[in-house]
*Asks:* 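What follows is a single structure, and I will ask about it in a moment.
Just so it is clear, the model here is predicted, and its values are computed rather than measured. The basis for the numbers below is simple: all heavy atoms, side chains too, and nothing from hydrogens, waters or symmetry mates.
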Amino acid sequence: VHVIILFEQKSLAKKGFSTKDLLENEKAASYSSSLKKQQLSLVDRIEREALGGEELEIRYQFTVAVNGVATVVPYGRIEQILAVDGVADVYLEERYELDETVQPDTATAGEMVGSYSAWADGYTGAGSRIAVIDTGTDTDHQSFDNGAFLYALKENAEEAGLSQEAYLASLNLLDVEEVAAVLPQLNVHERSPKLTAEDLYLNEKLPFGYNYVDTNLRITHDYDNFGGHGSHVAGIAAANRYIPKEDSYLRATDTVFVCGAAPDAQIITLKVAGVGGGIAESDYLAAIE
């Protein structure tokens, strides 16, 4: 059975570390590293004391929200694992399947959620990054078109009286250089160490994408039976306010009637449903970390 073995030592969050700028916090990085070393030592003890020397395959090591490892163990050995000194709990993973989705109609929801007034005040999501932990993103969908995204940002720059270069620099968009700087500390690197930042980066609108179930770059809906749920969610959050039309761009609210609440935000695609199975808790916990 798939389980998450939790250990007694406190996680980063329970130790009091803030998740804000976590990767730049040297004390947090040191504590996380020490937790991972302790985890491997405890895994070795579990193998010896509870599993008769059988080796555990560790899928993920968690240190942020919880202190534990994701692995597969014989169901009949859970009590023995719980008896090992240092083990706090053995958590049986749930695995979820998706229901059918409905059609989005976000252009008419603005008054309900307040997005129209937010846009009027200049808050369009520009400079924000939204991580969508779901079934993936339709990367060639018109609502996520990169040219339309940059067109909207260029319009914002003109309204602010700035050059496009100066405006983009002020937004601190997630770019390939930043992905490269943090990649060695990500679960993605541990699962797929050969992938580079260039592999994970698509464009300005979609600056990061990874499939945690199948451990590859197949982040669209073309490879499984989960439909477009992730794109539906990403669209509610950040579908562009323009769509491409031949050599120009048209307002999405006037044409396709779909526009995200924060249309100028970037979308980070963390796919946790794939051909490797349903949505497992360890995969979305790894994506959250």
Side-chain angles (χ1 to χ4, degrees), residues 2 4-7 9 11-13 15 17-44 55-72 93 129-137 139 172-204 206-220 223 230 266-277 279-289:
H2 288 261
I4 298 175
I5 301 176
L6 301 176
F7 301 117
Q9 194 81 1
S11 66
L12 283 162
K15 191 74 172 176
F17 287 102
S18 169
T19 55
K20 181 176 174 62
D21 299 323
L22 189 62
L23 291 180
E24 289 76 35
N25 188 324
E26 292 182 2
K27 289 184 178 180
S30 176
Y31 185 69
S32 177
S33 178
S34 69
L35 285 182
K36 287 186 175 182
K37 290 178 181 178
Q38 291 174 12
Q39 289 171 0
L40 295 179
S41 177
L42 287 166
V43 165
D44 182 65
E55 186 174 339
L56 287 179
E57 178 189 354
I58 305 303
R59 297 185 65 244
Y60 298 109
Q61 289 182 261
F62 302 121
T63 62
V64 180
V66 298
N67 174 22
V69 296
T71 184
V72 179
E93 274 197 67
R129 306 152 180 200
I130 299 176
V132 182
I133 303 172
D134 211 292
T135 67
T137 302
T139 56
N172 189 32
L173 296 178
L174 178 60
D175 57 21
V176 70
E177 288 79 13
E178 185 176 349
V179 174
V182 300
L183 182 56
Q185 301 179 63
L186 303 185
N187 287 311
V188 170
H189 181 67
E190 292 190 7
R191 295 288 284 161
S192 302
K194 293 183 179 180
L195 290 181
T196 66
E198 287 77 11
D199 296 325
L200 295 158
Y201 183 90
L202 282 78
N203 52 51
E204 287 89 349
L206 304 168
F208 185 96
Y210 183 71
N211 181 331
Y212 288 82
V213 180
D214 307 317
T215 63
N216 58 35
L217 298 172
R218 293 179 172 180
I219 63 169
T220 69
Y223 308 96
Q266 293 179 289
I267 296 171
I268 296 172
T269 302
L270 308 176
K271 183 175 171 67
V272 293
V275 296
I279 302 171
E281 289 176 318
S282 58
D283 288 322
Y284 68 68
L285 184 56
I288 289 170
E289 282 207 351

*Asks:* Which residues satisfy the side-chain contact (heavy atoms from CB on, under 4.5 Å) test with Lys37, sequence neighbours excluded?
*Replies:*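 Lys37 satisfies side-chain contact (heavy atoms from CB on, under 4.5 Å) with Ser33 only.
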*Asks:* What pairs with Ile130 under side-chain contact (heavy atoms from CB on, under 4.5 Å), at least two apart in sequence or on another chain?
*Replies:*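 Here the qualifying residues are Val132, Ala237, Ala238, Ala262, Ala265.
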*Asks:* Between Tyr223 and Asn211, is there a side-chain heavy-atom distance shorter than 4.5 Å?
*Replies:*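 Contact flag for Asn211/Tyr223 side chains = no.
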*Asks:* Just wondering, more than 12 heavy atoms not from Glu57 lying within 6.0 Å of its CD?
*Replies:*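 Not more than 12 within 6.0 Å, no.
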*Asks:* Quick one: which of Ile4, Val43, Ile58 gives a side chain to side chain contact (heavy atoms under 4.5 Å, CB included) with Thr71?
*Replies:*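 Output: one option passes, namely Ile58.
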*Asks:* Could you tell me the separation between the CG atom of Asp44 and the CG atom of Leu56, rounded to the nearest 0.5 Å?
*Replies:*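 CG of Leu56 is found 10.0 Å from CG of Asp44.
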*Asks:* What's the separation between atom CG in Leu202 and atom CG in Leu217, rounded to the nearest 0.5 Å?
*Replies:*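 Between atom CG of Leu202 and atom CG of Leu217 there are 8.5 Å.
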*Asks:* Any side-chain hydrogen bond (donor to acceptor under 3.5 Å, both in side chains) pairs touching residues 174-189, not counting sequence neighbours?
*Replies:*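 Counting only pairs at least two positions apart or across chains, the side-chain hydrogen bond (donor to acceptor under 3.5 Å, both in side chains) contacts touching residues 174-189 are Arg129-Glu178.
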*Asks:* Who passes side chain to side chain donor-acceptor pair (under 3.5 Å) against Gln38, sequence neighbours left out?
*Replies:*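 Partners of Gln38 by the side chain to side chain donor-acceptor pair (under 3.5 Å) criterion come out as none, since no residue qualifies.
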*Asks:* Compare all side-chain heavy atoms of Leu270 with those of Phe208 and state whether any distance is below 4.5 angstrom.
*Replies:*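 A side-chain contact under 4.5 Å exists here.
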*Asks:* List the steps, then state whether side-chain contact (heavy atoms from CB on, under 4.5 Å) holds for Ile219 with Leu206.
*Replies:* CA-CA 11 Å; Ile219 63 169; Leu206 304 168; over 6 Å; no
*Asks:* How close do Glu93 and Ser282 get, heavy atom to heavy atom, and via which atoms?
*Replies:*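 Here Glu93 and Ser282 meet closest at OE1-N, 2.8 Å.
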*Asks:* Restricting to side-chain contact (heavy atoms from CB on, under 4.5 Å), what partner residues turn up for Arg191, sequence neighbours left out?
*Replies:*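 side-chain contact (heavy atoms from CB on, under 4.5 Å) list for Arg191, sorted by chain: Arg59, Tyr60, Tyr210, Thr215.
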*Asks:* Who are the side chain to side chain donor-acceptor pair (under 3.5 Å) partners of Gln9, not counting sequence neighbours?
*Replies:*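 Gln9 satisfies side chain to side chain donor-acceptor pair (under 3.5 Å) with no residue once adjacent residues are dropped.
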*Asks:* Locate the shortest heavy-atom distance separating Val275 from Asp214; write the atom from each residue and the value.
*Replies:*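 Looks like N-OD2, 3.1 Å.
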*Asks:* How far does CG of Leu183 sit from OG of Ser192, to the nearest 0.5 angstrom?
*Replies:*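 Rounded to the nearest 0.5 Å, the CG-OG separation comes out at 10.0 Å.
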*Asks:* Could you pull out the closest heavy-atom pair between Gln61 and Lys36, with the gap in Å?
*Replies:*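 The pair with the smallest heavy-atom distance is NE2-O, 3.1 Å.
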*Asks:* Which pair of heavy atoms, one from Ala273 and one from Val213, lies closest together, and at what distance?
*Replies:*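 Of all heavy-atom pairs spanning Ala273 and Val213, the closest is N-CG2, 3.5 Å.
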*Asks:* Can you measure from CD (Glu289) to OG (Ser11) and round to the nearest 0.5 angstrom?
*Replies:*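 Rounded to the nearest 0.5 Å, the CD-OG separation comes to 9.0 Å.
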*Asks:* Identify every side-chain donor-acceptor pair in residues 194-201 under 3.5 Å, counting partners at least two apart or on other chains, and give the distances.
*Replies:*
residue: Thr196; atom: OG1; partner: Glu198; partner atom: N; Å: 3.4
residue: Thr196; atom: OG1; partner: Glu198; partner atom: OE1; Å: 3.4
residue: Thr196; atom: OG1; partner: Asp199; partner atom: N; Å: 3.2
residue: Thr196; atom: OG1; partner: Asp199; partner atom: OD2; Å: 3.1
residue: Asp199; atom: OD2; partner: Thr196; partner atom: N; Å: 2.8
residue: Tyr201; atom: OH; partner: Glu204; partner atom: N; Å: 3.4

*Asks:* Looking at side-chain heavy atoms only, is the closest gap between Val66 and Phe7 below 4.5 Å?
*Replies:*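 No, too far: nothing below the 4.5 Å cut-off.
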*Asks:* At their closest point, which heavy atom of Leu174 faces which heavy atom of Pro207, and how far apart are they?
*Replies:*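 Heavy atoms only, the tightest pair is O-CB, 3.5 Å.
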*Asks:* For Thr139, what residues pass the side chain to side chain donor-acceptor pair (under 3.5 Å) criterion, not counting sequence neighbours?
*Replies:*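 With neighbours one apart ignored, the set is empty.
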*Asks:* Any chance you could measure Asn67, atom CG, to Lys15, atom NZ, to the nearest 0.5 Å?
*Replies:*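 Asn67 CG to Lys15 NZ: 11.0 Å, rounded to 0.5 Å.
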*Asks:* With sequence neighbours excluded, what pairs up with Lys27 under the side-chain contact (heavy atoms from CB on, under 4.5 Å) test?
*Replies:*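 Applying side-chain contact (heavy atoms from CB on, under 4.5 Å) to Lys27 gives Phe17, Asn25.
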*Asks:* Where is the tightest heavy-atom contact between Gln39 and Val69, given as atom of each residue plus distance?
*Replies:*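 Looking at all heavy atoms of both residues, the closest pair is OE1-CG1, 3.7 Å.
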*Asks:* Output the distance between atom NZ (Lys271) and atom OG1 (Thr137), rounded to the nearest 0.5 Å.
*Replies:*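 One gets 9.0 Å once the value is rounded to the nearest 0.5 Å.
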